[in-house]
Amino acid sequence: MSAVSDRLPAFPWDKLEPYKKTAAAHPDGIVDLSVGTPVDPVPEHIRKALIDAADSPGYPTVWGTPELRDALTRWVEHRLNAREVTHRHVLPVVGSKELVAWLPTQLGLGPGDQVAYPRLAYPTYEVGARLARADHVAYDDPTELDPSRLKLLWLNSPSNPTGRVLPKEELTRIVAWAREHGVLVFSDECYLELGWEADPVSVLHPDVNGGSYDGIVAVHSLSKRSNLAGYRAAFLAGDPAVLGPLLEIRKHGGMMTPAPTQAAVVAALGDDEHVRVQRERYAARRTALRDALLAHGFRIEHSEASLYLWATRDESCWDTVAHLADHGILVAPGDFYGPAGAHFVRVALTATDERVRAAVNRLTA
């Protein structure tokens, strides 16, 4: 076991524990804006679908029920403007983190192969490469990479942690470059429903891919849009030549989305109203926190989408973490997402309205 765990970096969140204790000692309690975990209720109609499917004694299928695949294809066409999407173009997964961590292994990558991800990025992209014993490289512009050993290119728009959105023209340029060099593109689009000052576009949009899904796959999650982080509900959409072999591998591995969760996903993807309501909640929290941080002397970069504000006081991120912990507010240090984040913190919008008000009051006192 140590041979596997030794490949991995130290689990970053453990380093926050002392600051969490400081923040928790605040007389009015902690405001935890560090982990982007949803706090609002699961919409009632989704819970009802889960409960109605609770009597599911048999094994679910890895590919999901026909009803689930219908829901996935309809949503991809309706929301992402994709065209001619069939069941072969979609694949449910057991939450997106599982997929990110094990994708290089499932693709058969190993020593000598290279996985690339943004300079500031979700740490699990690197973890996935390490688990497969593949090399990994961070980029500012992926088209400047040497493609000779590059097998998997991760895009992430909107970005976690920065909230940056890649314009349609940039996505189009990157996809064309990757195809020219035979590089597989996986686009993590889990925050696509949460654009504030920009309208995120999927790699599945025909303006980006020219009407072809060759060599591209999009990753989507219901954790943020529908408050289903506890359900472990996500899916892939894109090139059937990639998804077909992944389906077979995942069958052998027993990577099955539970049947009640599958039913809940059908209900969630069939309704836009609850997404609108949740967006309004996050928009109000974002405005309140953004204004308070600016008033407190922070500068905010990017953050045009997603569930985070990428903020700095032009000092070590750990000094900022300590400063905010003294105010009872816990945030994530930017260097969790790469050395380029050393002077930033990531501030999540995922706290109740009451806790957000508490943070605002402390920052503007």
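Small disclaimer: the values here were computed from a predicted structure and weren't measured.
The closest side-chain heavy-atom distance from His220 to Leu236 is not below 4.5 Å. With contacts defined as side-chain heavy-atom distances shorter than 4.5 Å, the pair His274/Arg279 does not qualify.
A single hydrophobic cluster is seen to contain both Phe298 and Trp196, as judged by linkage of ILVMFWY side chains at heavy-atom distances under 4.5 Å, directly or through other members. Linking ILVMFWY residues whenever their side-chain heavy atoms come closer than 4.5 Å, directly or via other members, leaves Val185 and Val93 in distinct clusters. Linking ILVMFWY residues whenever their side-chain heavy atoms come closer than 4.5 Å, directly or via other members, leaves Val208 and Val242 in distinct clusters. Put simply, Tyr125 and Leu145 are part of two different groups of oily side chains (I, L, V, M, F, W, Y) that touch within less than 4.5 Å, one to the next. Cluster membership for Leu307 and Val100, using ILVMFWY side-chain heavy atoms within less than 4.5 angstrom, is not shared.
The two atoms that bring Asn209 and Gly211 nearest to each other are OD1-N, 2.7 Å, heavy atoms only. The shortest heavy-atom contact between Ala340 and Leu120 is C-CD2, 3.8 Å. Ile46 approaches Ala267 most closely through the heavy-atom pair CA-CB, 4.3 Å.
Looking only at atom types and distance, the side chain of Ser226 has no donor-acceptor partner in the side chain of Gln278 under 3.5 Å away. Between the side chains of His78 and Asp272, at least one donor-acceptor pair of N or O atoms lies under 3.5 Å. For the residue pair Arg173 / Thr143, a side-chain donor-acceptor distance below 3.5 Å is found, with atom types taken as modelled. With no hydrogens or angles considered, a side-chain donor-acceptor pair links Tyr191 and Tyr308 at under 3.5 Å. Asn160 and Tyr337 share no donor-acceptor pair across their side chains, judged by distance under 3.5 Å alone. For the 3.5 Å distance criterion, the side chains of Ser202 and Glu189 qualify, holding a donor opposite an acceptor.
Heavy-atom contacts from other residues, nucleotides or ligands closer than 6.0 Å to CZ of Arg79 number more than 12. Annotation for Asp55: atom CG does not count as buried by contact number, only 12 or fewer foreign heavy atoms lying within 6.0 Å. Summarising the local packing, CH2 of Trp63 is surrounded by more than 12 heavy atoms from other residues, nucleotides or ligands at distances under 6.0 Å.
Ring centroid separation for the pair Tyr122 and Trp154 does not come in under the 6.0 Å cut-off. Here Trp75 and Phe235 bring their ring centres to under 6.0 angstrom of each other.
Shown here are the side-chain contact (heavy atoms from CB on, under 4.5 Å) partners of Thr86, two or more places apart in sequence or in another chain: Arg88, His89. In terms of the side-chain contact (heavy atoms from CB on, under 4.5 Å) criterion, residue partners of Asp70 (sequence neighbours excluded) are, by chain and number, Arg74, His87. Judged as a side-chain contact (heavy atoms from CB on, under 4.5 Å), and not counting sequence neighbours, the contacts of Glu169 are Pro167.
Classification of Arg179 and Asp214 as a salt-bridged pair fails, no side-chain N sitting under 4.0 Å from a carboxylate O. For Arg119 and Asp141, the salt-bridge test fails: no basic side-chain N is under 4.0 Å from an acidic carboxylate O. A salt bridge does not link Arg149 with Asp113: every distance from a Lys NZ or Arg NE/NH1/NH2 to an Asp or Glu carboxylate oxygen is 4.0 Å or more. With respect to the salt-bridge test (charged N to carboxylate O, under 4.0 angstrom), the residues Glu301 and Arg299 qualify. Salt-bridge formation is detected for the pair Arg250/Glu98: a Lys NZ or Arg NE/NH1/NH2 atom is positioned less than 4.0 Å from an Asp or Glu carboxylate oxygen. Under 4.0 Å is where a charged nitrogen must lie from a carboxylate oxygen, and between Arg47 and Glu44 no such pair does. Ion pair Glu193/Arg276 not flagged as a salt bridge, since none of the NZ, NE, NH1 or NH2 atoms sits closer than 4.0 Å to an Asp/Glu carboxylate oxygen. For Lys48 and Asp52, the salt-bridge test passes: some basic side-chain N is under 4.0 Å from an acidic carboxylate O.
Below 30°, between 30° and 60°, or above 60°: for His327 and His323 the angle between ring planes is between 30° and 60°, a tilted geometry.
Partner of Leu192 under the side-chain contact (heavy atoms from CB on, under 4.5 Å) criterion, out of Pro200, Ser187, Ser306: Pro200 alone.
Seen from the ring of Trp310, Arg346 does not count as a face-on cation partner, given the 6.0 Å and 45° thresholds.
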